[in-house]
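Below: the structure, in C-alpha cells.
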Amino acid sequence: MNSPSIDAVVIGSGIIGAMSAHYLLEDGRSVLMIERGEVARGASSGNAGILAFPEIIPIAAPGMMRKAPKWLLDPLGPLSLPPSYALNMVPWLWRLWRASARPAYERTVGVHARMMPMARSEMLRTVERAGLRAMVKQTGTLDLYDSEASLNAAGNDWLAKRKAGFEFQKVGRSEIEALQPGLAPQFQHGVFTPSGLQVSDPLEFTQALFSNAMSRGASLRIGEATRIEPTADGARVVLDDGAVFEAKTVVLAGGAWSKKIVTGLGDHAPLETERGYNTTLPQGAFPLHRQLYFNDHGFVVTPLSSGIRVGGAVELGGLNLAPNYRRSEAMLKKAKSFLPDLKTDGGRQWMGFRPSMPDCLPVISPSGATPAVIYAFGHGHLGLTQSAATGRLVADIAARRTPAVDIQPYSISRFR
C-alpha cells in the first residue's frame, strides 16, 4: 500500500502528466508519478517541438471527407489507414465525420480559440517558474503553399485565426527567401507568424519539467497501471505487478494507453491513435532558421537542439501494428526536394502514438465514476501546446476551484 502522505497519483510521465504534476505540486499536493516505460519517451519525445497556439483549426473540418479518399489511395500520403485496421476505425471515423459538420466544426474552433490564450500564458508562466526559459524560443513560423490557389483555399482558416487574435502576414517569394533561404522555387506563397514559439527539444523539455517536479518532492514508480478503483475518500491505482497505491486524487494522463482504464471505470472514450512518423537529421544537415509547415503535404521541418526534425502525417493504425518507416522515408524524400541542400544521411527514425479524439478536443474531466479521478488525455497534435493549460485545469478540478476556462466541452460525458 502507499504511504498516507501521497495526495495525488499521476499516471503517465509525458508532457501532460509532467504538467499535471507541476501544477499539483504548486498547490502543495504530494505527488507520485507512475510510468509504464521510460520517462517522456512516448509521443512527448517525438513531436515537432512547436508551441502551436494559433492552430485552432481542427482536422475535422467541412470538406475533409471529400479529400480523404484521395489521401487514402496514396499509402505514403498525409493520411493512411492500413486495410487490416480499417474495420476497427469505422466508429471513430463516423464520429470524425459528424465533427466535421459546419456547426460542430465552428464550436470546436471556438473552444480552441478560448483555450489557446490561457495555454500560452500558462506555458510562459511555467517555463519561468521551472527555470526552463532557455528552452523556449521565438523563431516565428513559416507556412508554405504550393500555389496561390492552395493559399486562397486556406483563407477562411487564416481569417478564423485573425478573429481569435493571432497576427500574421502573407509573404511572397522575396520574403520567403529572406525568412528561409534555400527553399525550392515552387514556394512562391506563404504566411509568416512572427510570434511562433518552439521548445529546443521536446524530449529534453519534458524531461527537464519532470526533473523539476522530482526536485520539488514528487516521486516516481515504474509500472503499468491496469485499473483504477474508487474508494471512500479517493481512488486506488492497481499496477500490473500487484502493487496498489491509494490517493485523494488520481490523474489519468496515459495518452494512447488510457482507454482501457477509462472503460474499467464505466466511462466511454472513443480514443484512437494517430501514428506519427519523423526522422531527426544531425545538426548541420541544413541551415534551418525556423519552423516550416508544408501545408499541402501534411508535414513540418523544425530546427531542434538535437538536429533537424522532419515529421508529421497521420496513420490510423492502433497500438499494435508494426511501424511502416516507408512513411518517414517518403517525408524525407519530399523534404529533400523542397530543401535541395538538405543532407539526408545519418537520420534517426521514430514512430509514436498521438492520442486522438474524433471531435479533435481532449478529455479534461472528472470521471463519471468519482470526482477523485481526473482524466487528461486525447490531445492529438496539440499535447505540448495545450499541456500547461491542461495542468492548470487538472489542478483546478482537483482543488474544486472554478476552472480557468469552461471545461464542459472537454467532459468525458460528451460521448454518452
Side-chain angles (χ1 to χ4, degrees), residues 1-45 122 126-127 129-132 202-229 231 234-258 260-262 352-353 355 362-364 367 372-379 383-384 386-399:
M1 287 295 234
N2 67 301
S3 163
S5 64
I6 297 176
D7 292 322
V9 171
V10 177
I11 300 172
S13 71
I15 189 62
I16 301 298
M19 280 292 186
S20 297
H22 170 84
Y23 278 83
L24 290 167
L25 287 163
E26 284 207 328
D27 271 357
R29 311 287 295 271
S30 59
V31 176
L32 168 67
M33 300 185 73
I34 296 175
E35 170 54 49
R36 64 186 297 275
E38 295 182 66
V39 169
R41 285 288 181 177
S44 297
S45 70
E122 291 295 329
T126 295
V127 299
R129 293 179 68 87
L132 307 180
L203 173 61
E204 293 173 1
F205 180 80
T206 305
Q207 289 178 333
L209 184 64
F210 171 86
S211 296
N212 179 267
M214 294 298 106
S215 72
R216 293 160 58 204
S219 57
L220 173 67
R221 173 66 150 80
I222 298 297
E224 183 168 1
T226 58
R227 66 183 186 274
I228 301 173
E229 301 169 347
T231 64
R236 68 171 61 94
V237 180
V238 182
L239 303 192
D240 56 352
D241 62 2
V244 178
F245 298 90
E246 293 189 1
K248 296 174 184 176
T249 299
V250 174
V251 179
L252 178 57
W257 284 267
S258 300
K260 185 176 180 180
I261 295 177
V262 172
F353 304 99
V363 177
I364 310 169
S367 167
V373 176
I374 302 170
Y375 298 140
F377 59 81
H379 293 73
L384 174 63
Q386 296 184 339
S387 60
T390 300
R392 166 75 184 276
L393 292 174
V394 164
D396 287 345
I397 296 168

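The shortest side-chain heavy-atom distance between T390 and M19 does not fall under the 4.5 Å cut-off. Residues I15 and Q386 fail the side-chain proximity criterion, which asks for heavy atoms closer than 4.5 Å. Within the 4.5 Å cutoff, the side chain of F245 has no heavy atoms near those of the V250 side chain. A heavy-atom distance below 4.5 Å is found between the side chains of R227 and E229. Within the 4.5 Å cutoff, the side chain of T126 has heavy atoms near those of the L209 side chain. In this structure, L24 and V251 have side chains that are in contact, with non-hydrogen atoms separated by less than 4.5 Å.
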Does the side chain to side chain contact (heavy atoms under 4.5 Å, CB included) test come out yes or no for N212 and L132, once each step is laid out? CA-CA 9 Å; N212 179 267; L132 307 180; 5.7 Å; no
Taking it one step at a time, do I228 and I11 satisfy side chain to side chain contact (heavy atoms under 4.5 Å, CB included)? CA-CA 10 Å; I228 301 173; I11 300 172; 3.8 Å; yes
Derivation of the side chain to side chain contact (heavy atoms under 4.5 Å, CB included) call for M214 and M33: CA-CA 9 Å; M214 294 298 106; M33 300 185 73; 4.0 Å; yes
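Going from atom CD1 of I16 over to atom OG1 of T206 covers 9.5 Å, rounded to the nearest 0.5 Å. Here the CD1-CD1 distance, from I222 to I34, works out to 10.0 Å after rounding to the nearest 0.5 Å. A distance of 8.0 Å separates OG of S30 from NZ of K248, quoted to the nearest 0.5 Å. One distance of note links CD of E224 with CG of D241; it measures 10.5 Å at 0.5 Å rounding. Considering CG of L220 and CG of L32, their distance stands at 7.5 Å, rounded to 0.5 Å. Separation of atoms OG (S13) and CZ (R221) is listed at 14.0 Å; rounding is to 0.5 Å.
Closest non-hydrogen pair, A253 versus S258, comes out as C-OG, 4.3 Å. Of all heavy-atom pairs between G223 and L239, the closest is CA-CD1, 4.4 Å. Here the shortest heavy-atom pairing between A376 and V394 reads CB-CG2, 3.9 Å. The shortest heavy-atom contact between V9 and V237 is CG1-CG2, 4.0 Å. For A235 against V373, the heavy-atom pair with the smallest separation is CB-CG2, 3.8 Å. For P355 against A256, the heavy-atom pair with the smallest separation is CB-N, 3.4 Å.
Shown here are the side chain to side chain donor-acceptor pair (under 3.5 Å) partners of T249, two or more places apart in sequence or in another chain: R29. Partners of D240 by side chain to side chain donor-acceptor pair (under 3.5 Å), not counting sequence neighbours: none found. Not counting sequence neighbours, R36 has no partner by the side chain to side chain donor-acceptor pair (under 3.5 Å) test. By the side chain to side chain donor-acceptor pair (under 3.5 Å) test, R129 pairs with E26, sequence neighbours left out. In this structure, the side-chain contact (heavy atoms from CB on, under 4.5 Å) partners of E122, at least two apart in sequence or on a different chain, are Y23, M118, R125, A388, R392. Among residues two or more places apart in sequence or in another chain, the ring-ring contact (aromatic ring centres under 6.0 Å, His included) test is passed with F205 by none.
In this structure a side-chain-to-backbone donor-acceptor pair under 3.5 Å is missing from T231 to R236.
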